[in-house]
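For the single chain, residues carry numbers from 1 onward in sequence order.
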Amino acid sequence: MAEPGGARPVTVTDVQQLVRRKDEIEAQIKACYELLERQKGVGMHEPLVDAEGFPRNDIDLYQVRTARHNIICLQNDHKALMKQVEEALHQLHAREKEKQARDEAEALAEAMSQNQSLPQPFAKVNAVTPGSPASVSGLQVDDEIVEFGSVNVNNFQNLQNIATVVQHSEGRPLSVTVIRGGRRVHVGLTPKRWAGKGLLGCNIIPLQR
């Protein structure tokens, strides 16, 4: 999905770079305020002349004026950057929703068009934690697994086979095929760190056949 003007789509890396730049600007603003604080606590609006209208000689006027000017410029930069971050996040979210809808449509078309006998499952999902990578991917309790990455009924020996695939696929999408309600369903599952234990957030048990 090209962005307006033919520019390339925004990526997560782009957003991370914008956030780093935001953090840098915030650090610079903080440093300028600290400089003002060291100058007798002069802020952004305290007068730089004494009661008689003469320039104050108890502070470094050049430093104060420079710091104030820098703060104004940096705050403007910060405001513009925050708008960029917001727009980039919006684009990412919209694209993710579009991809999810497309994936669901493809999965539905696959399920409706299949007329071959269902493959034999070798394992079953018996628990999925809400908010986990497994839950986000659409994996459900009672899904019977027929393919988990490179693992299938022909090479499955024990759950360690699945654990190995998961460990080697952290941060990368895995193709998982399950039987759900008598139909074959494809799920894109990305093992990754989350608030709970493990990289999936689901429990899988082998099927005794």
Side-chain angles (χ1 to χ4, degrees), residues 1-3 7-20 22-23 84-114 118-207:
M1 182 179 100
E3 307 304 339
R8 66 175 179 80
V10 173
T11 65
V12 173
T13 303
D14 293 332
V15 175
Q16 290 171 339
Q17 288 174 348
L18 287 173
V19 171
R20 277 197 294 272
K22 174 189 77 74
D23 292 342
Q84 281 184 269
V85 171
E86 185 180 345
E87 289 174 352
L89 287 173
H90 177 72
Q91 288 175 12
L92 277 180
H93 180 64
R95 201 158 66 243
E96 187 59 35
K97 282 181 68 177
E98 194 177 277
K99 179 181 179 299
Q100 186 177 350
R102 192 166 60 245
D103 289 348
E104 288 174 359
E106 288 175 0
L108 182 60
E110 168 76 16
M112 291 176 69
S113 65
Q114 70 178 20
L118 293 172
Q120 185 180 349
F122 59 85
K124 180 178 178 180
V125 178
N126 71 341
V128 178
T129 305
S132 66
S135 173
V136 171
S137 77
L139 211 58
Q140 297 179 11
V141 172
D142 291 334
D143 280 351
E144 295 188 339
I145 300 170
V146 294
E147 285 182 359
F148 195 100
S150 59
V151 181
N152 56 45
V153 71
N154 297 319
N155 59 17
F156 175 75
Q157 295 173 325
N158 53 49
L159 291 178
Q160 185 57 45
N161 300 142
I162 292 178
T164 300
V165 169
V166 169
Q167 288 162 6
H168 290 161
S169 302
E170 183 176 351
R172 298 198 303 272
L174 268 175
S175 176
V176 178
T177 305
V178 301
I179 295 175
R180 179 186 301 162
R183 291 182 173 179
R184 183 167 17 186
V185 177
H186 295 295
V187 175
L189 174 59
T190 302
K192 59 185 176 182
R193 306 283 172 187
W194 61 293
K197 292 180 180 178
L199 299 175
L200 297 182
C202 68
N203 194 54
I204 296 172
I205 57 173
L207 282 176

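- Residues passing the salt bridge (charged side-chain N to carboxylate O under 4.0 Å, His left out) test with R193, sequence neighbours excluded: E170.
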Criterion side-chain contact (heavy atoms from CB on, under 4.5 Å) on V178 and V125, from CA distance to verdict: CA-CA 9 Å; V178 301; V125 178; 5.6 Å; no
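- Formation of a donor-acceptor pair under 3.5 Å by the S169 side chain with backbone atoms of R172 is not found in this model.
- Judged as a ring-ring contact (aromatic ring centres under 6.0 Å, His included), the pairs with a partner in residues 152-187 (not counting sequence neighbours) are, in order, F122-F156.
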For side-chain contact (heavy atoms from CB on, under 4.5 Å), just list the numbers for R102 and E98, CA-CA rounded to whole Å, side-chain angles, deciding distance to a tenth of an Å, and then say yes or no. CA-CA 6 Å; R102 192 166 60 245; E98 194 177 277; 4.0 Å; yes
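- By the neighbour-count criterion of 12 heavy atoms within 6.0 Å, atom NZ of K22 is densely surrounded, having more than that number from other residues, nucleotides or ligands.
- Pairing each heavy atom of L174 with each of G149, the nearest pair is CD2-CA, 3.8 Å.
- Environment of CD in Q17: crowded, with over 12 heavy atoms of neighbouring residues, nucleotides or ligands closer than 6.0 Å.
- Among residues at least two apart or in separate chains, side chain to side chain donor-acceptor pair (under 3.5 Å) pairs with a member in residues 153-163 are Q160-T164.
- Closest approach of A134 and C202 over heavy atoms only: CB-CB, 3.7 Å.
- When every heavy atom of V10 is checked against every heavy atom of L92, the shortest pair comes out as O-CD2, 3.4 Å.
- Between W194 and G131, the closest heavy-atom pair is CE3-O, 4.1 Å.
- Of all non-hydrogen atoms in D14 and P9, the two that sit nearest each other are OD2-O, 4.0 Å.
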